[in-house]
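Only one structure is covered here, and it is reproduced in the block below.
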Amino acid sequence: MSKNYSIAVDIGSGYCKSIVLPSSGDTDEMRRSVKSFRTAVGPSRQVTLQPGVKPLVVEFEEKSFYVANTAEVALSVDQRTNTLSPNWAFEDGYRALVYYIIAKALTGEGVEPSDTPIRLRLITGLPQAYYENGAEKMRNLYSGTHRFRHSGQVWVVEMIDVQVVPQAMGAYYSAVETLLSEDEATERVGIIDIGTFTTDFCLSENVQYHAYESGGVSIGVSTLVASLKAALNRDLGYDYTDESLRKAFERKAVLVRSQQLDISEQLNEVITQAGKNLQKSLPSSWDTNTMYLVLAGGGGADYFFGDFFKEAYPHIKVITSPENAIVLGYAIYGASLDAE
């Protein structure tokens, strides 16, 4: 019998991440094997690549997509699939990224394309705002046999199992394995996962997801970057690039005429405002005084919103490797299924 593979996939609006579950089930091995790239995808028809651009193309059902670096270089923002659409997880561009991740993951395991279906389990998730109505739809969409072409090679995969997890619960499963004691895991715990464009929050008690106390909001790292850009333009008259501003959150400074200028005041202004707006979006039942602790994950948990949340929630803990917490949690969840 052919080997079955398990792949954890987190496709965020900013980054895609994946883990091929090791046979050992070892969490440290999972953490070391995380693959990541910017989320970019869009139709490749009638788009000519510039010389030197590697043609990363995924084709299925008479459709063709540029993915990853190729999409980022070859396509303008308007030409790419909108990753902030409510239907994003069910669109063809999303499928193209899933297929690309699968092909790269299997190639990394030494698997060659074949007409004989390659059996695998997919562990993925949906944002809190779309989970209740979308989980079954996603399971149905990806279950069964899929045929696609990547870089000119045809792959046939059979999804023998599709697990769909509430996104922020992925961060929670990561914390249960790497941060919390067995007793702490059963307590009333709030989880805030801050991504590039959105923030998800959920609540768990006795390791059970509480749907009515979970949700999401369109506030993320990009919100802070845009607000800081406006504040610095107002105060200094300079228009900094998004990339330089991301670094400024860590350095707490920007360059002005080759000199480092402290921007702590502007940072505190934009972080505090965005943090307060995020807090207003939490359910009224999120009385953190009754919570054992609050967990923070996602790429915005530390450098970006870290200071605000540590003040707002003295009992907060930042999840180990917060930027990879969701995909690691998916993998941990998948490994627990294998162990049953």
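Basis for what follows: all heavy atoms, side chains included, without hydrogens, waters or symmetry-related copies. For this chain, numbers begin at 1 and follow the sequence in order. If you're wondering where the values come from, they're calculated on a predicted model, not measured in any experiment.
For N133, the CG atom sits in a loose shell: 12 or fewer heavy atoms of surrounding residues, nucleotides or ligands are nearer than 6.0 Å. Residue K63 qualifies as enclosed at atom NZ: its count of foreign heavy atoms under 6.0 Å is above 12. Summarising the local packing, NZ of K104 is surrounded by 12 or fewer heavy atoms from other residues, nucleotides or ligands at distances under 6.0 Å. More than 12 heavy atoms of other residues, nucleotides or ligands lie within 6.0 Å of CD in E29, so this atom counts as buried by the packing criterion.
Here the shortest heavy-atom pairing between Y209 and S214 reads CE1-OG, 3.3 Å. Among all heavy-atom pairs drawn from C16 and I11, the shortest one is SG-CG2, 3.8 Å. For the pair A68 and L56, the tightest heavy-atom approach, listed with the atom from each and the gap, is CB-CD1, 4.0 Å. Residue L21 comes nearest to A335 through the heavy atom pair CD2-N, 3.5 Å, listed as atom of the first residue, atom of the second, then distance. For E184 against L180, the heavy-atom pair with the smallest separation is OE1-CA, 3.5 Å. When all heavy atoms of Y330 and A8 are compared, the pair lying nearest together is CB-CB, 3.8 Å.
In this structure, L120 and M159 have side chains that are in contact, with non-hydrogen atoms separated by less than 4.5 Å. No side-chain heavy atom of V254 sits less than 4.5 Å from a side-chain heavy atom of S244. At least one side-chain heavy atom of W286 sits less than 4.5 Å from a side-chain heavy atom of I192. Within the 4.5 Å cutoff, no side-chain heavy atoms of L84 are placed close to those of W88. Inter-residue side-chain proximity for F309 and L278 is flagged as met; some heavy-atom pair is nearer than 4.5 Å. Under the 4.5 Å side-chain criterion, counting only non-hydrogen atoms from C-beta, L228 is in contact with I263. Residues Y238 and L232 have side chains not in contact (no heavy-atom distance under 4.5 Å, counting atoms from C-beta outward). Using a 4.5 Å heavy-atom cutoff, the side chains of N4 and D161 are not in contact.
From I19, atom CD1 reaches atom CD1 of I332 across 8.0 Å, with rounding to the nearest 0.5 Å. Residue L293 holds its CG atom at 12.0 Å from CZ of R188, rounded to the nearest 0.5 Å. Expressed to the nearest 0.5 Å, how far OG1 of T272 lies from CZ of F305 amounts to 10.0 Å. Taking OG of S174 as the start and CG of N324 as the end, the distance is 9.0 Å to the nearest 0.5 Å. Atom CD of residue E158 and atom OG1 of residue T145 lie 4.5 Å apart, to the nearest 0.5 angstrom. To the nearest 0.5 Å, the span separating CE on M138 from OH on Y94 amounts to 4.0 Å.
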| request: Determine, step by step, whether E177 and R31 satisfy the salt bridge (charged side-chain N to carboxylate O under 4.0 Å, His left out) criterion, reporting the C-alpha distance in whole Å, the side-chain angles of both residues, the deciding distance to 0.1 Å, and the verdict. | output: CA-CA 12 Å; E177 186 74 13; R31 186 183 292 114; over 6 Å; no
| request: Go through the steps to decide whether Y66 and V41 satisfy the test side-chain contact (heavy atoms from CB on, under 4.5 Å), and finish with yes or no. | output: CA-CA 6 Å; Y66 287 142; V41 61; over 6 Å; no
| Hey, mind stepping through V98 and T124 against side-chain contact (heavy atoms from CB on, under 4.5 Å) and telling me if it holds? | CA-CA 10 Å; V98 171; T124 188; over 6 Å; no
| field | Test log, rule side chain to side chain donor-acceptor pair (under 3.5 Å), inputs D78 and S76 | value | CA-CA 5 Å; D78 291 340; S76 68; 5.2 Å; no
| field | Chi angles and distances behind the salt bridge (charged side-chain N to carboxylate O under 4.0 Å, His left out) call for R139, E136 | value | CA-CA 5 Å; R139 279 190 288 268; E136 187 64 26; 2.9 Å; yes
| message | What verdict does the side-chain contact (heavy atoms from CB on, under 4.5 Å) test give for I102 and W155, after you've listed the backbone C-alpha separation in whole Å, the side-chain angles of each residue and the deciding distance to 0.1 Å? | response | CA-CA 9 Å; I102 289 172; W155 291 85; 5.9 Å; no
| request: Kindly indicate, with the supporting measurements, whether the criterion side-chain contact (heavy atoms from CB on, under 4.5 Å) is fulfilled by Q279 and F308. | output: CA-CA 11 Å; Q279 280 186 306; F308 174 83; 3.4 Å; yes
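Listed for the Q128 side chain is a donor-acceptor partner under 3.5 Å among the backbone atoms of A168. The main-chain N or O of M30 is found under 3.5 Å from a side-chain atom of S33 such that the two form a donor-acceptor pair. Judged by distance alone, the side chain of Y292 and the main-chain N or O of A185 form no donor-acceptor pair under 3.5 Å. One N or O on the side chain of R80 and one on the backbone of E72 form a donor-acceptor pair closer than 3.5 Å. Formation of a donor-acceptor pair under 3.5 Å by the T39 side chain with backbone atoms of G12 is found in this model. Without hydrogens or angle criteria, S281 side chain to N277 main chain gives a donor-acceptor distance under 3.5 Å. Side-chain atoms of D26 come within 3.5 Å of backbone N or O of D28 as a donor-acceptor pair.
No chain of hydrophobic side-chain contacts below 4.5 Å, direct or via other Ile, Leu, Val, Met, Phe, Trp or Tyr residues, connects I160 to V9. Residues I326 and M169 share a single hydrophobic cluster, defined by chaining ILVMFWY side chains whose heavy atoms lie under 4.5 Å apart. Hydrophobic clustering (side-chain heavy atoms under 4.5 Å, transitive across Ile, Leu, Val, Met, Phe, Trp, Tyr) groups Y313 together with I219. Clustering ILVMFWY residues whenever any of their side-chain heavy atoms sit less than 4.5 angstrom apart, transitively, puts L97 in the very cluster that holds F90. No chain of hydrophobic side-chain contacts below 4.5 Å, direct or via other Ile, Leu, Val, Met, Phe, Trp or Tyr residues, connects V34 to V20.
Close placement of the Y100 and F37 rings is indicated, their centers lying within 6.0 Å of each other. In this structure, Y99 has its ring center closer than 6.0 angstrom to the ring center of H146.
For the side chain to side chain contact (heavy atoms under 4.5 Å, CB included) criterion with V165, the lone passing option out of Y131, Y172, Y173 is Y173. A side chain to side chain contact (heavy atoms under 4.5 Å, CB included) with Y333 holds for exactly one of L328, I123, V176; it is I123.
Judged purely by distance below 3.5 Å, without hydrogens or angles, the side chains of N87 and S85 never pair a donor atom with an acceptor atom. Residues D193 and Q167 have side chains that never bring a donor and an acceptor to within less than 3.5 angstrom of each other.
With Y5 as the aromatic partner, R121 does not meet the cation-pi criteria of under 6.0 angstrom to the ring centre and within 45 degrees of the ring axis.
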